[in-house]
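Just below is one structure, and these are the notes that go with it.
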Amino acid sequence: MAKIEFEKLRFVVADDNAHMRRIVRTLLRAFGSREICEAEDGASALEAVENFLPDILITDIKMPIFDGIELTQMIRNPDGSKHPYLPIIMLTAYSERKRVLQARDSGVTEFLCKPVSANALYKRVQNVIENPRPFIKVSTYFGPDRRRSADPNFNGDERRKTDSNAFMVGEQVSL
Amino acid sequence: MSAEMQKAKDEEIIVIPPRTDLKDRVLKPGSSDGACKRAIKAAESAIEELSVEFDGWMTSSIDELLLKLPQVHQDGLNSAAGEELHTIMHDLKGQATTLGYPVVAEISDTLCNLLEKAPDTSRISPKIAELHVRSIQTIVQECTKNHDDPKANAISLGLRQMVMKILKHEFERADQK
């Protein structure tokens with residue numbers, strides 16, 4: 001396990017509940033982070049992402065104006081967003097499978113259920129940094145690869161384009 | 001195979017390689033597990049220090065819930081007031097364990113479950129919501145914080161069983177329609 005230099009990381013924490021924002025901010029500050037911007041609704045969070053340019057967004061699902069899923073969809077817009085590759089950790093009290101799949105399909109990087117613990121938050125941030133995933137671009141999805149592991153029983157055609165053109169796409173994009 | 005499915009199958013999938021700039025910038029090579037464990041320990045201590053404020057947070061959440069009840073009784077659970085009560089309960093579900101009240105998180109989860117899964121929330125009596133709010137109030141006032149309290153656990157179990165019965169009945173009713 002390598003050490004993360006939290007003092008170099010900028011976070012946006014989006015949650016409509018002030019107490020929860022305080023808890024997450026307290027954890028991040030204890031990890032060593034000093035640059036933490038808070039947002040209390042989806043619109044403020046989007047504005048913070050565009051202006052504060054964080055390294056990681058931690059967002060709730062249930063928020064006013066637009067929710068965490070809609071926020072993620074807006075950020076994961078390769079044509080209109082300033083920060084389409086931003087790592088997004090969804091921190092929510094919704095733990096049902098339906099919500100997890102909805103979050104995954106909107107393009108979140110990690111999903112974390114409340115109650116939040118220091119250990120769980122640290123591990124999600126660590127995973128985002130240590131194990132960045134490839135991004136997938138199709139007409140219906142843009143975001144981190146939703147396959148966490150290869151299916152050993154898959155025997156269909158490989159439709160993913162991993163030739164030099166695909167890699168050029170990656171090289172041309174900047175954060 | 002439908003035309004739509006065939007189109008999806010034929011669509012080009014572009015794989016963009018993982019970005020490593022964040023990793024290169026903030027990951028300190030060669031460090032041991034000790035530093036990570038110290039960071040986690042420091043964060044746990046920081047939350048412990050913050051915990052002196054937790055009782056105040058819990059009390060203010062309960063006050064908010066109690067304030068919503070008259071309007072919920074008047075307008076029903078499928079109203080704006082019902083939605084506001086649901087939001088406060090949802091917040092409690094997420095944070096009560098951190099605040100030292102795991103049973104309050106359970107009770108909030110039970111009511112959220114009812115409000116999110118019932119086929120028609122207008123059929124759910126506001127008295128059910130009040131019962132949950134009063135139970136939370138009782139537990140915070142009378143039960144031991146952070147510990148297994150038999151009274152708190154019995155209240156939580158009773159509410160959960162009641163909600164399961166209501167949901168079963170509501171699903172059966174919806175199926176018959």
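Hydrogens, waters and symmetry mates are skipped; everything else that's a heavy atom, side chains included, is used. Chain letters run A, B, ... following the sequence lines, proteins first and then strands; every chain starts at 1.
Only the side chain of Lys62(A) comes within contact range of chain B, judged by heavy atoms closer than 4.5 Å. Only the side chain of Glu116(B) comes within contact range of chain A, judged by heavy atoms closer than 4.5 Å. Proximity to chain B is absent for every atom of Asn131(A), based on heavy atoms less than 4.5 angstrom apart. Heavy atoms closer than 4.5 Å to chain A are found nowhere in Ser45(B), neither backbone nor side chain. There is no contact between Glu7(A) and chain B, counting heavy-atom distances below 4.5 Å. Contact annotation for Leu50(B): only side-chain heavy atoms (C-beta onward) come within less than 4.5 Å of a heavy atom of chain A.
Note: His86(B) and His90(B) have perpendicular aromatic rings, judged against thresholds of 30 and 60 degrees for the angle between ring planes. Using the six-membered ring where Trp is involved, Phe11(A) and Phe6(A) have ring planes that are parallel, under 30° apart on the 30 and 60° scheme.
Between Glu64(B) and Lys68(B), none of the side-chain N atoms (NZ, or NE/NH1/NH2) sits under 4.0 Å from a carboxylate O, so this pair counts as no salt bridge. The residues Asp149(B) and Lys151(B) are annotated as not salt-bridged, no charged nitrogen and carboxylate oxygen being separated by less than 4.0 angstrom. Salt-bridge formation is detected for the pair Asp55(A)/Arg25(B): a Lys NZ or Arg NE/NH1/NH2 atom is positioned less than 4.0 Å from an Asp or Glu carboxylate oxygen.
In terms of heavy-atom pairs under 4.5 Å with chain B, the best-connected choice from Cys113(A), Ala18(A), Ala30(A), Ser95(A) is Ala30(A). In terms of heavy-atom pairs under 4.5 angstrom with chain B, the leader among Pro134(A), Pro144(A), Pro115(A) is Pro134(A). Residue with the most contacts toward chain B among Arg29(A), Arg22(A), Met20(A): Arg22(A) (heavy-atom pairs, distance under 4.5 Å).
Shown here is Glu47(A), whose CD atom has no more than 12 heavy atoms of other residues, nucleotides or ligands within 6.0 Å.
Annotation: side chain of Val104(B) is not in contact with side chain of Leu99(B) (no heavy-atom distance under 4.5 Å).
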